[in-house]
Engineer: 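Sharing a structure below in structure tokens format, with a few things to ask.
To find a chain, count down the sequence lines: A is the first, B the second, and so on, and within it residues start at 1.
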2 protein chains.
Amino acid sequence: MAIKTKTKLTASLEDYLEAIFNLIGPGGFKVARSKDIAEVLEVSQASVTGALRTLAEKKLVNYKPYGFITMTPKGAVEAEKVAKRHEILESFFTDILGIDPNIAQQAACKAEHVLGQAVIVRLLELMDFLRDYEKDGRSLTDEFRAFYEIKG
Amino acid sequence: MAIKTKTKLTASLEDYLEAIFNLIGPGGFKVARSKDIAEVLEVSQASVTGALRTLAEKKLVNYKPYGFITMTPKGAVEAEKVAKRHEILESFFTDILGIDPNIAQQAACKAEHVLGQAVIVRLLELMDFLRDYEKDGRSLTDEFRAFYEIKG
DNA sequence: TAATATAGTTAGGCAAGCCTAACTTTGCAA
DNA sequence: TTGCAAAGTTAGGCTTGCCTAACTATATTA
């Protein structure tokens, strides 16, 4: 078995990677620009340059000063993991918990870096359970909505 | 209305505050020792000293070099909030999601700093919902356990 | 009560991550 | 094609938060 160097990224680097991934978009045709990364993450362009250098060192992005920014296959895999965690969390917060979309988005942005696969996977199962399970023709998700709308 | 200076703590300071709170225990009779804080948080004693100074500046703990460490009322309020978030999250992860206790504990430790009241409150409601709602004499929590035990 | 072990502090250093200001490169328009 | 604006980089500085090593205070015990 080949040596598997587990890519351990900081929350900050995960954010950069995810932002690049989203900017490049499905298919990987588009290119990420430093300015846009800075805008999305609300940091300075100087900070982006620094992060890009680190990500390039880790072979997660292809980066040459003043050049295009693309992702390596390894980078895409990592980015997709983060993006997926984000997606699941955001969906859980909005669709199940009924949290305000803005708050849900923010919460997902933070939580995606700290909740591991075990939690995420089980959360996804919970979502399936609540959506699929019918009671009197209503999903449990709907039942829960009724529950917290009366309570809260 | 009096000016309400919102205490904004870093994740690290919240951890220290929570650790002190837990060491002091219910009733607030016990005293927190620097060594024990270091042990709980797995940091050096020097780091604890630094954190204590910061917390004292913010009037959250009573701290004099070589003296006892106790909490101010303000500190106790803040600490309790963090501890409560932790408790709810840990309970959700273990009791509802069925996550391994160690992983749940770790996840709660991290997530407690990033999930706001809106999410926590609704999570608590979800837990109530799942526990109270009976179907064929079984709680939904039990139903969900059966669901993921078959699936996973 | 004096020696020593334990607890706690100080000093100094390092990494991550952010910033602003100044500089360089690139690309578009006249 | 040249010149300027926009994009990107570099340099340097700041904060947080951690560390180790060395020092000081406290407490125990002989």
Side-chain angles (χ1 to χ4, degrees), chain A residues 6-20 23-24 30-71 75 78-79 82 106 109-110 112-114, chain B residues 6-20 22-24 30-71 75 78-79 82 106 109-114:
Chain A
K6 185 91 178 244
T7 312
K8 190 58 193 166
L9 292 171
T10 62
S12 171
L13 287 180
E14 280 187 352
D15 277 334
Y16 283 104
L17 206 57
E18 188 186 12
I20 294 164
L23 284 169
I24 286 176
K30 282 187 283 182
V31 144
R33 288 182 309 159
S34 191
K35 189 180 176 286
D36 297 331
I37 299 168
E39 214 155 272
V40 168
L41 297 180
E42 296 183 282
V43 295
S44 70
Q45 283 195 48
S47 298
V48 175
T49 301
L52 287 174
R53 237 192 325 218
T54 308
L55 290 172
E57 269 165 29
K58 294 178 186 294
K59 308 275 184 235
L60 295 166
V61 300
N62 301 119
Y63 165 71
K64 280 274 164 12
Y66 300 103
F68 293 132
I69 299 158
T70 57
M71 302 198 96
E78 286 304 312
V82 179
Q106 281 174 237
C109 269
K110 305 280 193 156
E112 73 193 18
H113 306 298
V114 302
Chain B
K6 186 93 177 238
T7 313
K8 191 58 193 166
L9 293 171
T10 62
S12 172
L13 288 181
E14 281 188 351
D15 276 334
Y16 283 103
L17 205 57
E18 189 187 11
I20 294 164
N22 289 333
L23 284 169
I24 287 178
K30 280 186 285 183
V31 145
R33 287 184 308 160
S34 192
K35 189 179 175 285
D36 297 331
I37 300 169
E39 214 155 272
V40 168
L41 297 179
E42 295 183 285
V43 295
S44 69
Q45 283 195 44
S47 298
V48 175
T49 301
L52 286 174
R53 237 190 326 216
T54 308
L55 290 172
E57 270 167 27
K58 293 180 186 293
K59 308 277 185 232
L60 296 166
V61 301
N62 300 119
Y63 165 71
K64 281 275 163 12
Y66 299 104
F68 292 133
I69 299 157
T70 57
M71 302 197 96
E78 287 303 312
V82 179
Q106 282 174 237
C109 268
K110 305 277 194 162
E112 74 193 20
H113 306 298
V114 302

Engineer: Using OP1 and OP2 only, check whether a side-chain N or O of B:Ser44 sits under 4.0 Å from D:dC19.
Structural biologist: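 Yes, because at least one side-chain N or O of B:Ser44 sits under 4.0 Å from OP1 or OP2 of D:dC19.
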Engineer: For D:dA6, take OP1 and OP2 only and decide whether either is under 4.0 Å from a side-chain N or O of A:Arg33.
Structural biologist: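 So the side chain of A:Arg33 is outside the cut-off, no N or O lying under 4.0 Å from OP1 or OP2 of D:dA6.
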Engineer: Should B:Thr49 be listed as having a side-chain N or O under 4.0 Å from OP1 or OP2 of C:dT10?
Structural biologist: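 So the side-chain polar atoms of B:Thr49 never come under 4.0 Å of the phosphate oxygens OP1 or OP2 of C:dT10.
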Engineer: Mind calculating the distance between NZ (A:Lys64) and P (D:dT10) to the nearest angstrom?
Structural biologist: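 Distance check: A:Lys64 NZ to D:dT10 P gives 13 Å.
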Engineer: Can you tell me if the side-chain N/O atoms of B:Tyr16 get under 4.0 Å from OP1 or OP2 in D:dC18?
Structural biologist: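 Looking at the OP1 and OP2 atoms of D:dC18, one of them is under 4.0 Å from a side-chain N or O of B:Tyr16.
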Engineer: Can you measure A:Phe68 atom CZ to D:dT9 atom P for me and round it to whole angstrom units?
Structural biologist: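 To the nearest whole Å, that distance equals 13 Å.
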Engineer: Are the side chains of A:Tyr16 and A:Val61 in contact, using a 4.5 Å heavy-atom criterion?
Structural biologist: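 Side chain of A:Val61 against side chain of A:Tyr16, heavy atoms only: no contact under 4.5 Å found.
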Engineer: How many whole angstroms separate atom CG of A:Asp36 from atom P of D:dA6?
Structural biologist: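 Atom CG in A:Asp36 sits about 15 Å away from atom P in D:dA6.
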Engineer: On DNA chain C, does the nearest nucleotide to A:Pro65 precede the nearest nucleotide to B:Tyr63 from the 5' side, or the other way round? Give the residue.
Structural biologist: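 In this pair, the answer is B:Tyr63.
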Engineer: Please determine if A:Arg53 and A:Glu57 form a salt bridge, counting it only when a charged side-chain N lies under 4.0 Å from a carboxylate O.
Structural biologist: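 Result for this pair is no, no salt bridge flagged.
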Engineer: C:dT25 P sits how many Å from A:Gln45 CD, rounded?
Structural biologist: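 Going from A:Gln45 (CD) to C:dT25 (P), I get 16 Å.
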Engineer: Reckon B:Ser47 touches a base, only the sugar-phosphate, or nothing at all at heavy-atom distances under 4.0 Å?
Structural biologist: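 Base, at least one base heavy atom under 4.0 Å.
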Engineer: I want to verify a distance call: between D:dT9, C:dA7, D:dT10, whose nearest atom is closest to the A:Ala46 side chain?
Structural biologist: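 Of the candidates, D:dT10 comes closest.
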Engineer: Against A:Tyr63, only a single residue in A:Thr54, A:Thr49, A:Thr70, A:Ile20 fulfils side-chain contact (heavy atoms from CB on, under 4.5 Å); can you say which?
Structural biologist: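 That would be A:Thr49.
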Engineer: Hey, does A:Ile69 have a side-chain heavy atom less than 4.5 Å from the side chain of A:Ile24?
Structural biologist: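 They are not in contact (no side-chain heavy atoms under 4.5 Å apart), so the answer is no.
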Engineer: Would you indicate what B:Thr10 reaches in the nucleic acid, counting non-hydrogen atoms under 4.0 angstrom: base, sugar-phosphate, or nothing?
Structural biologist: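 Sugar-phosphate, backbone atoms only, no base.
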Engineer: Without decimals, in angstroms, what is the distance between A:His113 NE2 and C:dA16 P?
Structural biologist: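 After rounding, the gap between these two atoms is 17 Å.
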Engineer: Rounding to a whole Å, what distance do you find between A:Ile37:CD1 and D:dG8:P?
Structural biologist: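 Atom-to-atom, A:Ile37 to D:dG8, this comes out as 8 Å.
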Engineer: Taking CG from A:Leu13 and P from C:dA16, how many angstroms apart are they, rounded to a whole number?
Structural biologist: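 The answer, rounded to whole Å, is 9 Å.
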Engineer: Measuring from the side chain of B:Ser12 (C-beta onward, heavy atoms only), which nucleotide among C:dG17, D:dG8, D:dG17 has the closest atom?
Structural biologist: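 Shortest atom-to-atom distance from the side chain points to D:dG17.
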Engineer: Could you check how far OH of A:Tyr66 sits from C1' of C:dG27, rounded to whole Å?
Structural biologist: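 So the two atoms are 13 Å apart, to the nearest Å.
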Engineer: Take B:Asn22 and B:Val40, measure what side chain to side chain contact (heavy atoms under 4.5 Å, CB included) needs, and give me the verdict at the end.
Structural biologist: CA-CA 10 Å; B:Asn22 289 333; B:Val40 168; over 6 Å; no
Engineer: Check this one for me: any side-chain N or O of A:Arg53 less than 4.0 Å away from OP1 or OP2 of D:dT9?
Structural biologist: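 For A:Arg53, the contact criterion (side-chain N or O under 4.0 Å from OP1 or OP2 of D:dT9) is not met.
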